[in-house]
Amino acid sequence: MTVEEEGGGPRGDLTVRTSAMPADTNANGDIFGGWVMSQMDQAGGIAGVDRAQGRVVTVAVDAMTFIRPVRVGDVLCVYTRVGHVGRTSMKIEVEAWARRFRTQVREKVTEATFTFVAIDDAGRPRAVDLPARAND
């Protein structure tokens, strides 16, 4: 979907921005979906670390939907929003948008919900800290 079709554009914070390169293509010449997913996982991990204030690991990806291909030269912009936060886990909503090569056209290319678990230094689940209150 273009920005106009999406109703105003990406939701969330711009977390990762990178160029799609020829080395990232599949046999059809489009950017490999696994590369896009890895960029989304990195962005979700960054958002998770910020929210948990410590290490997190990916434990699930729900409903990954590839809408449009990413092409060589496109700039992939990945946006994140923290959704539900449980005791040790959190769901991060992730959208990937492509800014098409040599244009300002932006299109949503995929979206998914990633689940991360906060872990301690020994790799065991730990509580996700509550966010600091503005009055503290």
Side-chain angles (χ1 to χ4, degrees):
M1 297 182 179
T2 65
V3 172
E4 294 76 25
E5 293 169 337
E6 181 57 23
R11 294 173 301 202
D13 297 323
L14 178 60
T15 310
V16 167
R17 185 174 172 199
T18 189
S19 295
M21 302 297 285
D24 304 316
T25 59
N26 61 24
N28 297 319
D30 295 320
I31 297 300
F32 179 57
W35 179 83
V36 175
M37 187 174 184
S38 73
Q39 301 304 312
M40 294 173 73
D41 190 31
Q42 283 185 355
I46 290 167
V49 164
D50 287 348
R51 176 59 181 83
Q53 294 298 295
R55 292 177 61 195
V56 298
V57 293
T58 309
V59 296
V61 180
D62 299 326
M64 185 98 183
T65 304
F66 290 96
I67 302 164
R68 287 187 165 74
V70 176
R71 296 180 184 90
V72 171
D74 290 348
V75 175
L76 187 72
C77 302
V78 185
Y79 297 83
T80 58
R81 288 184 299 164
V82 176
H84 174 78
V85 177
R87 191 180 74 73
T88 62
S89 67
M90 65 201 108
K91 291 189 178 283
I92 311 285
E93 298 168 18
V94 183
E95 293 184 358
W97 287 67
R99 191 182 77 215
R100 298 303 183 184
F101 184 58
R102 296 191 301 191
T103 73
Q104 295 303 312
V105 174
R106 291 188 304 165
E107 295 181 310
K108 184 192 274 189
V109 293
T110 187
E111 62 186 355
T113 301
F114 285 70
T115 303
F116 293 88
V117 170
I119 60 172
D120 63 18
D121 290 338
R124 293 183 301 261
R126 67 165 179 83
V128 175
D129 297 329
L130 295 175
R133 293 189 307 227
N135 297 355
D136 290 347

TODO: Using the test side chain to side chain donor-acceptor pair (under 3.5 Å), find all partners of Thr88 that sit at least two apart in sequence or belong to another chain.
DONE: none
Task: Contact summary for Val78 and Ala43, nearest pair of heavy atoms - done: CG1-CB, 3.4 Å
TODO: Quick one: do Gln42 and Met37 satisfy side-chain contact (heavy atoms from CB on, under 4.5 Å)? Show the steps, please.
DONE: CA-CA 9 Å; Gln42 283 185 355; Met37 187 174 184; over 6 Å; no
Open item on the list: Between Thr80 and Thr15, is there a side-chain donor-acceptor contact under 3.5 Å, judged purely by atom types and distance?
Closed with: yes
Open item on the list: For Ala96, is there any backbone N or O sitting under 3.5 Å from a side-chain donor or acceptor partner on Thr110?
Closed with: no
Open item on the list: Strictly by salt bridge (Lys or Arg N to Asp or Glu O under 4.0 Å), give each pair with a member in residues 18-36 just once, sequence neighbours left out.
Closed with: none
Task: Inter-residue atom distance Arg71.CZ - Arg100.CZ, 0.5 Å rounding - done: 4.5 Å
- [ ] Measure the shortest side-chain to side-chain distance between Ile92 and Thr113 over non-hydrogen atoms and say whether it is less than 4.5 angstrom.
- [x] no
Task: Main-chain N/O of Cys77 paired with Arg17 side-chain donor or acceptor, under 3.5 Å - done: no
Task: Shortest non-hydrogen contact from Val128 toward Ala118 - done: CG2-CB, 4.0 Å
- [ ] Not counting sequence neighbours, which residues clear side chain to side chain donor-acceptor pair (under 3.5 Å) with Thr58? List them please.
- [x] Asp41
Open item on the list: Between Asn26 (side chain only) and Gly29 (backbone N and O only), is there a donor and an acceptor less than 3.5 Å apart?
Closed with: yes
Task: Closest heavy-atom pair and its distance - Arg106, Tyr79 - done: NH1-OH, 3.6 Å
Open item on the list: Closer than 3.5 angstrom, by distance alone: can the side chain of Thr25 be matched with the main-chain N or O of Pro22 as a donor-acceptor pair?
Closed with: yes
Task: Note, Leu76 side chain near Ile31 side chain (heavy atom, < 4.5 Å) - done: no
Open item on the list: So which atom in Ser89 and which in Thr115 form the shortest heavy-atom distance, rounded to 0.1 Å?
Closed with: CB-CG2, 4.3 Å
Open item on the list: Which residues pass the salt bridge (charged side-chain N to carboxylate O under 4.0 Å, His left out) test with Arg81, not counting sequence neighbours?
Closed with: Glu93
Open item on the list: I'd like to know if Ile46 and Ile119 are part of one continuous hydrophobic network [Ile/Leu/Val/Met/Phe/Trp/Tyr, side-chain heavy atoms within less than 4.5 Å].
Closed with: no
Task: salt bridge (Lys or Arg N to Asp or Glu O under 4.0 Å): pairs with one or both residues in residues 82-91, sequence neighbours excluded - done: Asp62-Lys91
Open item on the list: Within the structure provided, determine whether Thr18 and Gln39 are in side-chain contact (heavy-atom separation under 4.5 Å).
Closed with: yes
Task: Any side-chain heavy-atom pair of His84 and Met90 under 4.5 Å - done: no
Task: Joint cluster assignment, Val117 & Val85, ILVMFWY side-chain distance < 4.5 Å - done: no
- [ ] Might you point out which heavy atoms bring Gly54 and Arg126 nearest each other, and give the distance in Å?
- [x] CA-NH2, 3.3 Å
Task: Nearest atoms (heavy-atom pairs only) where Lys108 meets Trp97 - done: N-CE3, 3.3 Å
Task: Met40 reachable from Val82 in the ILVMFWY side-chain graph, under 4.5 Å edges - done: yes
Task: Cluster companions of Phe101 among Ile, Leu, Val, Met, Phe, Trp, Tyr (side-chain spacing under 4.5 Å) - done: none
